[in-house]
Amino acid sequence: MSKLREQIMFLNTFIRRPAQVGAVAPSSQRLCKMLVDSFDWNEVQYVVEFGPGTGVATQLIVDRLRPDAKFFAIERSPKFVALSQRRCPTADIVHGCVTDVQRLCHERGIPHLDAVVSGLPWASFSTSLQNDIFEAMFRMLRPGGRFATFAYLQGLGLPAGIRFSKLLKKNFTTVTKSRTVWRNLPPALVYRGVR
């Protein structure tokens, strides 16, 4: 699929279900690289990606995995599952809900997670959904495990964005923010947390 067709499909999904994608365009290569560079991939054996979307970050993850690593991604949209799978044919892209992460890990023989990479639109989620996802994630993310996600600048000051920032600080021993990636639509930054 051409990049233009991919962008049109993404925009159409945003128009129909803005809370599902949270942006008008796929994440830029620059933002995805900053997201994926949040981890020391030599130390990551078990990793999951929440919301791979079009698979830009997924491809970067696959390229960095060590030989004995186990990885899969969970995507809610069947169209994005197909796009991610086309971009990353060797990746295990699951059509499902991230709150099922524990069951999906156990089905793959993954005892815990060392890393969670998230492309979810957190500021679009209700309080209960944010909490449900965190609760599911923490059943699998080991102590010392790492989490990285991005946030759009325009959402940082909104109630859901503020709530998400507080949720990060409450649940991780350390939380840091990257510099802003201006070459993303919309501009964004990366949150990094250590459990």
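All heavy atoms count here, side chains included; hydrogens, waters and symmetry mates do not.
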A.B. asks: SG/Cys88 to CD1/Ile93 distance, rounded to the nearest 0.5 angstrom?
C.D. replies: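 Interatomic distance, Cys88 SG to Ile93 CD1, rounded to 0.5 Å: 6.0 Å.
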A.B. asks: What distance separates Phe80 CZ from Arg87 CZ, expressed to the nearest 0.5 Å?
C.D. replies: 11.0 Å
A.B. asks: Linking I/L/V/M/F/W/Y whenever any side-chain heavy atoms sit under 4.5 Å apart, do Leu120 and Val81 land together?
C.D. replies: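 Result: no, two separate clusters.
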A.B. asks: By side chain to side chain donor-acceptor pair (under 3.5 Å), which residues pair with Lys177, not counting sequence neighbours?
C.D. replies: none
A.B. asks: Between Arg66 (side chain) and Asn42 (backbone), is there a donor-acceptor pair under 3.5 Å?
C.D. replies: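 It does hold such a pair.
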A.B. asks: Quick one: side-chain contact (heavy atoms from CB on, under 4.5 Å) partners of Thr149, sequence neighbours excluded?
C.D. replies: Ser118, Trp122, Phe147, Phe164, Tyr191
A.B. asks: Could you walk me through whether Val44 and Trp41 satisfy the side-chain contact (heavy atoms from CB on, under 4.5 Å) test, starting with their C-alpha distance in whole Å, then the side-chain angles of each, then the deciding distance to 0.1 Å, before giving a yes or no?
C.D. replies: CA-CA 5 Å; Val44 174; Trp41 291 97; 3.9 Å; yes
A.B. asks: Are any non-hydrogen side-chain atoms of Ile74 and Asp100 less than 4.5 angstrom apart?
C.D. replies: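 A side-chain contact is absent here, since even the closest heavy-atom pair is not under 4.5 Å.
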A.B. asks: Under 3.5 Å, is there a donor-acceptor pair between the side chain of His95 and the main chain of Ser77?
C.D. replies: no
A.B. asks: With side chains defined as the heavy atoms from C-beta onward, is the minimum distance between Ser165 and Leu156 less than 4.5 Å?
C.D. replies: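 Counting from C-beta outward, Ser165 and Leu156 never come under 4.5 Å.
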A.B. asks: Check Val175 against Leu168 and note the closest heavy-atom contact, atom names and distance.
C.D. replies: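 Val175 and Leu168 have their closest heavy atoms at CG2-O, 3.5 Å.
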A.B. asks: Which atom pair, heavy atoms only, marks the closest approach of Thr58 to Pro52?
C.D. replies: OG1-CB, 3.2 Å
A.B. asks: If every non-hydrogen atom of Pro186 is compared with every non-hydrogen atom of Tyr152, which pair is closest and at what distance?
C.D. replies: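 Shortest heavy-atom separation between Pro186 and Tyr152 comes out as CG-CD2, 3.4 Å.
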A.B. asks: If you apply the rule side-chain contact (heavy atoms from CB on, under 4.5 Å), what do you find for Phe150 with Val181, and how did you get there?
C.D. replies: CA-CA 10 Å; Phe150 56 83; Val181 178; over 6 Å; no
A.B. asks: Pair Arg146, Asp114 - check salt bridge (Lys or Arg N to Asp or Glu O under 4.0 Å), show working.
C.D. replies: CA-CA 6 Å; Arg146 296 181 178 269; Asp114 301 308; over 6 Å; no
A.B. asks: If you define the side chain from C-beta out and look only at heavy atoms, does anything of Phe125 sit under 4.5 Å from Ile133?
C.D. replies: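 In short, these two side chains touch, coming nearer than 4.5 Å.
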A.B. asks: Do Ile110 and Phe72 touch side chain to side chain, with heavy atoms closer than 4.5 Å?
C.D. replies: yes
A.B. asks: Atom CG in Leu141, atom CE in Met137: separation rounded to 0.5 Å?
C.D. replies: 6.0 Å
A.B. asks: Would you compute the distance between atom CD of Gln29 and atom CD of Gln59 and round it to the nearest 0.5 angstrom?
C.D. replies: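 Separation between the atoms: 9.0 Å.
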A.B. asks: Looking only at non-hydrogen atoms, find the nearest pair between Val190 and Ser38 and report the distance.
C.D. replies: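 Closest approach of Val190 to Ser38: CG1-OG, 3.8 Å.
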A.B. asks: With Ala136, which residues qualify under side-chain contact (heavy atoms from CB on, under 4.5 Å), at least two apart?
C.D. replies: Thr99, Val101, Arg139
A.B. asks: For the hydrophobic clusters of this structure (ILVMFWY residues joined by side-chain heavy atoms under 4.5 Å, transitively), does one cluster hold both Phe39 and Val47?
C.D. replies: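 Yes, it is one cluster - the side chains of Phe39 and Val47 are joined through contacts under 4.5 Å.
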A.B. asks: For the residue pair Cys32 and Ser27, what are the closest heavy atoms and their distance?
C.D. replies: SG-CB, 3.6 Å
A.B. asks: Mark yes or no for whether Thr180, through its side chain, and Leu189, through its backbone, hold a donor-acceptor pair below 3.5 Å.
C.D. replies: no
A.B. asks: Look only at the side chain of Gln85 and the backbone of Ala91, and say whether a donor-acceptor pair between them is shorter than 3.5 Å.
C.D. replies: yes
A.B. asks: Considering non-hydrogen atoms only, spot the tightest contact between Ser178 and Arg192 and give its length.
C.D. replies: CB-NH1, 3.8 Å
A.B. asks: Might you confirm whether atom CZ of Arg30 has over 12 heavy atoms from other residues, nucleotides or ligands at distances under 6.0 Å?
C.D. replies: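 For Arg30, atom CZ is not crowded (no more than 12 foreign heavy atoms under 6.0 Å).
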A.B. asks: For the CE atom of Met140 and the OH atom of Tyr46, what is their distance to the nearest 0.5 Å?
C.D. replies: 10.0 Å
A.B. asks: Could you check if a side-chain atom of Leu35 sits within less than 4.5 angstrom of a side-chain atom of Leu31, using non-hydrogen atoms only?
C.D. replies: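 No; the side chains remain at least 4.5 Å from each other.
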A.B. asks: How long is the straight-line distance from NZ of Lys70 back to CZ of Arg108, given to the nearest 0.5 Å?
C.D. replies: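 That separation rounds to 10.0 Å.
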